[in-house]
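Right, one structure below, let's go through it.
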Amino acid sequence: MKIATVVGARPQFVKMGPLSRLFKKKFQEIVIHTGQHYDDNLSKVFFKELNLFKPKYNLGIKAASDISQISLMISALEKVFIKERPDLVLTYGDTNSSLACALTSSKLNLSLAHVEAGVRAFDRNVPEENNRFIIDRFSTLLFCPTKSAVRNLKNEGIKNGVFYTGDVMAEVLRENLEQKLSSSGKVLEECLTGGSSRIGTVHGGYILVTLHRQENVAAPRGRENLKEIVNALMGFKGRLIFPMHPRTRKNLKRFKLWQKLISRDSITILEPQGYLNFLGLEKNADKILTDSGGVQKEAHLLRVPCITLRKTTEWPETLENGWNRLVPCKRDAILSALKSSLRPGLHKNIFGSRKASEKIFKIITSWLRKR
Ligand code: UDP
């Protein structure tokens, strides 16, 4: 039995390890990397650090716009699927690579499994929301990370093939934290120092910043948002550690905000970090300021208060009891969130039991047997 796994972006590399290792025991898994994220810091480092199997295909697709990217992916995936004839295609999350994978599978009449199905922000202005919606419509097996994701699908009339499994990203985080925890329960120094001496051995006393969403950093709408964010960071006096996405760096320079930001005291701007370094930075932060989906989730799992620069979130449970807060991209609102002492309340386990991958593997195995 052959499974074709399609990935292309950083959060997908983070999620894929546990299931790939299980597949190896029983099936032939072919990993197809679309090339959506090609920068070594956003791609290669994860394959090395998380011991992921090397993709059989790297489609190397670099495109100027979303539409040309998706259409190039579709025609490249078509060729690979026709050649490989997989029994099942699998993808993770809501990226353009997942969307192209869903459309191609559907046209070729191949069954699709979607890990992270049913996740919704109820905001069709967010490009990923449309991707999620479409991918779930073309999926045969829908693996939901949360109970609300199951409810969302039910409300959209999707009931067959829906399974509540818990979250694979949470599983990866727990596994890696465990491996990196010393007996005293502290994250090993290597999480903070490995590969980047500039990070130093920082334990608390800083806010971790990540930014990369189109609407916050790229023209046209992102131009204004990025200005507001930089102004807020300039107005805040505390220490900031900012592993910066290449798109954000490029646009800060393009919008002439770069010099201003780097002139600020107590800011450490880093290249995008490998997973373990980043996990260490998240774990030890006083707060996290982000617009990432996965980082909101990880902040919650690590019990670090999170400020999310978005109008909506696909992880609404993280907002409960103040662990995560949605803040508009306005200088004063961001500044006040950065300064406020966030005191979250009761912490609930939102993302399910630890072995989401085993549940998914069992369901896939039994589904493939019955085919
Ligand atoms: N991440 C990382 N290094 C960084 C920033 C993020 O390893 O410098 C990881 C993070 O731990 C999480 C994932 O990347 O697992 C989130 O990906 P991203 O923010 O790119 O995408 P999103 O989750 O918003 O789709």
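All ligand and atom numbering here is 1-based and tracks the order in the structure.
A donor and an acceptor atom, one from each side chain of Gln12 and Ser98, are located under 3.5 Å apart. Counting only N and O atoms by type, the side chains of Arg239 and Thr268 include a donor and acceptor under 3.5 Å apart.
Of all protein heavy atoms, the one closest to atom 23 (O) of ligand 1 is Gly294 N, 2.7 Å. Here the protein heavy atom with the shortest distance to atom 1 (N) of ligand 1 is Phe278 CD2, 3.6 Å.
Cation-pi geometry between Arg124 and Phe133 is satisfied (NZ or CZ under 6.0 Å from the ring centre, within 45° of the ring normal). Seen from the ring of Phe163, Lys359 does not count as a face-on cation partner, given the 6.0 Å and 45° thresholds.
A salt bridge (Lys or Arg N to Asp or Glu O under 4.0 Å) check over residues 69-84, counting only residues at least two apart or in different chains, returns the pairs Lys2-Glu84, Lys56-Glu84.
Annotation: side chain of Cys329 is in contact with side chain of Asn216 (closest heavy-atom distance under 4.5 Å).
Residue Ser292 has at least one heavy-atom neighbour below 4.0 Å for each of these atoms of ligand 1: 16 (C), 18 (P), 19 (O), 22 (P), 23 (O), 24 (O). Heavy-atom proximity to Gln273, at under 4.0 Å, picks out these atoms of ligand 1: 2 (C), 3 (N), 4 (C), 7 (O), 8 (O). Within ligand 1, the atoms closer than 4.0 Å to a non-hydrogen atom of Met169 are 12 (C), 13 (C), 15 (O), numbered from 1 in the order shown. Distances below 4.0 Å separate heavy atoms of Gly293 from the following atoms of ligand 1: 22 (P), 23 (O), 24 (O). Counting atoms of ligand 1 from 1 in the listed order, those under 4.0 Å from a heavy atom of Tyr275 are 7 (O), 11 (O), 15 (O). Close approach of ligand 1 to Phe46 is summarised as follows: ligand atoms under 4.0 Å from at least one heavy atom of the residue are 2 (C), 7 (O). The ligand atoms of ligand 1 that sit less than 4.0 angstrom from a heavy atom of Pro243 are 8 (O). The ligand atoms of ligand 1 that sit less than 4.0 angstrom from a heavy atom of Glu298 are 10 (C), 11 (O), 12 (C), 15 (O).
Only the side chain of Arg213 comes within contact range of ligand 1, with a heavy atom under 4.0 Å; no backbone atom does. Neither the backbone nor the side chain of Glu128 has any atom closer than 4.0 Å to an atom of ligand 1 (non-hydrogen atoms only).
With values rounded to the nearest 0.5 angstrom, Thr210 atom OG1 is found 8.0 Å from Leu289 atom CG.
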Give every donor-acceptor pair under 3.5 Å between a side-chain atom in residues 360-371 and any protein atom, sequence neighbours left out.
| residue | atom | partner | partner atom | Å |
| --- | --- | --- | --- | --- |
| Thr365 | OG1 | Phe361 | O | 2.7 |
| Arg371 | NH1 | Asp87 | OD1 | 3.2 |

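Taking any N or O of Pro272, backbone or side chain, none lies under 3.5 Å from an N or O belonging to ligand 1. Taking only nitrogen or oxygen atoms, main chain and side chain alike, His37 does not reach within less than 3.5 Å of ligand 1.
Among Gln12, Arg10, Met244, Glu271, the residue whose heavy atom lies closest to atom 14 (O) of ligand 1 is Arg10. The residue from Gly93, Gly274, Pro11 that puts a heavy atom closest to atom 25 (O) of ligand 1 is Pro11.
The only member of Glu116, Glu314, Glu282 that meets salt bridge (Lys or Arg N to Asp or Glu O under 4.0 Å) when paired with Lys297 is Glu116.
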* To do: Decide side-chain hydrogen bond (donor to acceptor under 3.5 Å, both in side chains) for His300 and Asn324; before the verdict, give the C-alpha distance in whole Å, the side-chain angles of both, and the deciding distance to 0.1 Å.
  => CA-CA 7 Å; His300 191 273; Asn324 186 13; over 6 Å; no
